[in-house]
Amino acid sequence: QVQVVESGGKLVQVGDSLRLSCIITGSTAGITATGWFRQAPGKEREFLGRITWSREHTYIADAVKGRFTISRDTAKNTMYLQMDDLKPEDTAVYYCEAKRGVSSSEDHKNYGYWGQGTQVTVSS
């Protein structure tokens with residue numbers, strides 16, 4: 001089994017920066033990528049970006065490109081989401097997800113593991 005725990009969400013102001021963390025433990029053999037998603041009330045889960053585990057290639061969704069970056073510290077089994085210039089529309093619950101296999105990393109349905117999420121609220 002794979003355990004995923006997100007942390008770092010909080011109330012921030014417009015224009016602030018925030019870094020979310022995700023610790024991934026357990027039976028991680030075969031994990032090919034981990035990604036960040038978010039879900040705002042009444043909306044579908046939105047893909048933000050992912051990092052591959054073999055070569056640590058990152059991909060950021062166009063909607064947040066230039067403001068969000070993903071990185072990984074393999075020694076700490078931790079993935080990060082750095083968010084800059086936050087806007088009210090970034091308010092959501094942010095999820096870290098892990099997947100095996102080579103299916104599309106932009107589709108939440110292809111991920112087998114995720115955490116409880118961490119709330120980010122951007123106040124104007």
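Positions are given from 1, in the same order as the sequence printed here. The structure presented is a predicted model; accordingly, all values stated were derived computationally and were not measured.
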Testing the basics here: between [X] and [Y], what is the closest heavy-atom pair and its distance to 0.1 Å?
X: Thr32; Y: Gly101; answer: OG1-O, 2.7 Å
X: Gln119; Y: Val93; answer: OE1-CG2, 3.2 Å
X: Asp107; Y: Tyr111; answer: O-CD1, 3.3 Å
X: Pro88; Y: Ser124; answer: CG-CB, 4.2 Å
X: Arg100; Y: Ala29; answer: NE-O, 3.0 Å

In Å and rounded to the nearest 0.5 Å, what is the [atom1] to [atom2] distance from [X] to [Y]?
X: Arg50; Y: His57; atom1: CZ; atom2: NE2; result: 8.5 Å
X: Gln82; Y: Ser21; atom1: CD; atom2: OG; result: 10.0 Å
X: Ile23; Y: Asp73; atom1: CD1; atom2: CG; result: 10.5 Å
X: Thr28; Y: Gln1; atom1: OG1; atom2: CD; result: 12.0 Å
X: Arg19; Y: Asp84; atom1: CZ; atom2: CG; result: 11.5 Å

**Asked** Passes salt bridge (charged side-chain N to carboxylate O under 4.0 Å, His left out), Glu97 versus Arg45? Steps please.
**Response** CA-CA 12 Å; Glu97 307 196 4; Arg45 194 164 295 197; 2.8 Å; yes

**Message:** Any salt bridge linking Lys87 with Asp90? Criterion: basic side-chain nitrogen under 4.0 Å from a carboxylate oxygen.
**Reply:**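 No, no charged N to carboxylate O under 4.0 Å.
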
**Request:** May I have all residue pairs that pass disulfide bond (SG atoms under 2.5 Å apart) and include part of residues 22-124, sequence neighbours excluded?
**Result:** Cys22-Cys96

**Prompt:** Among pairs that include at least one residue of residues 50-79, which meet disulfide bond (SG atoms under 2.5 Å apart), considering only residues two or more places apart or in two chains?
**Reply:**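 Every candidate disulfide bond (SG atoms under 2.5 Å apart) pair involving residues 50-79 fails, so no pair, neighbours aside, qualifies.
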
**Asked** Without hydrogens or angle criteria, can the side chains of Asn77 and Thr25 be said to hold a donor-acceptor pair below 3.5 Å?
**Response**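 Side-chain D/A pair, Asn77 to Thr25: absent.
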
**Pair Phe37 and Phe47, ring centroids less than 6.0 Å apart** =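 Yes, close enough.
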
**Asked** So, do Tyr113 and Lys99 sit near enough that their side-chain heavy atoms are less than 4.5 Å apart?
**Response** no

**Message:** Side-chain heavy atoms under 4.5 Å apart, restricted to Ile/Leu/Val/Met/Phe/Trp/Tyr: what other residues fall into the cluster of Met79, or is it alone?
**Reply:** Val12, Val14, Leu18, Leu20, Trp36, Leu48, Ile51, Ile60, Val64, Phe68, Ile70, Leu81, Met83, Leu86, Tyr94, Val120, Val122

**Request:** Indicate if Val4 and Trp53 have the same hydrophobic cluster label, given that clusters are the connected sets of ILVMFWY residues with side-chain heavy-atom separations under 4.5 angstrom.
**Result:** yes

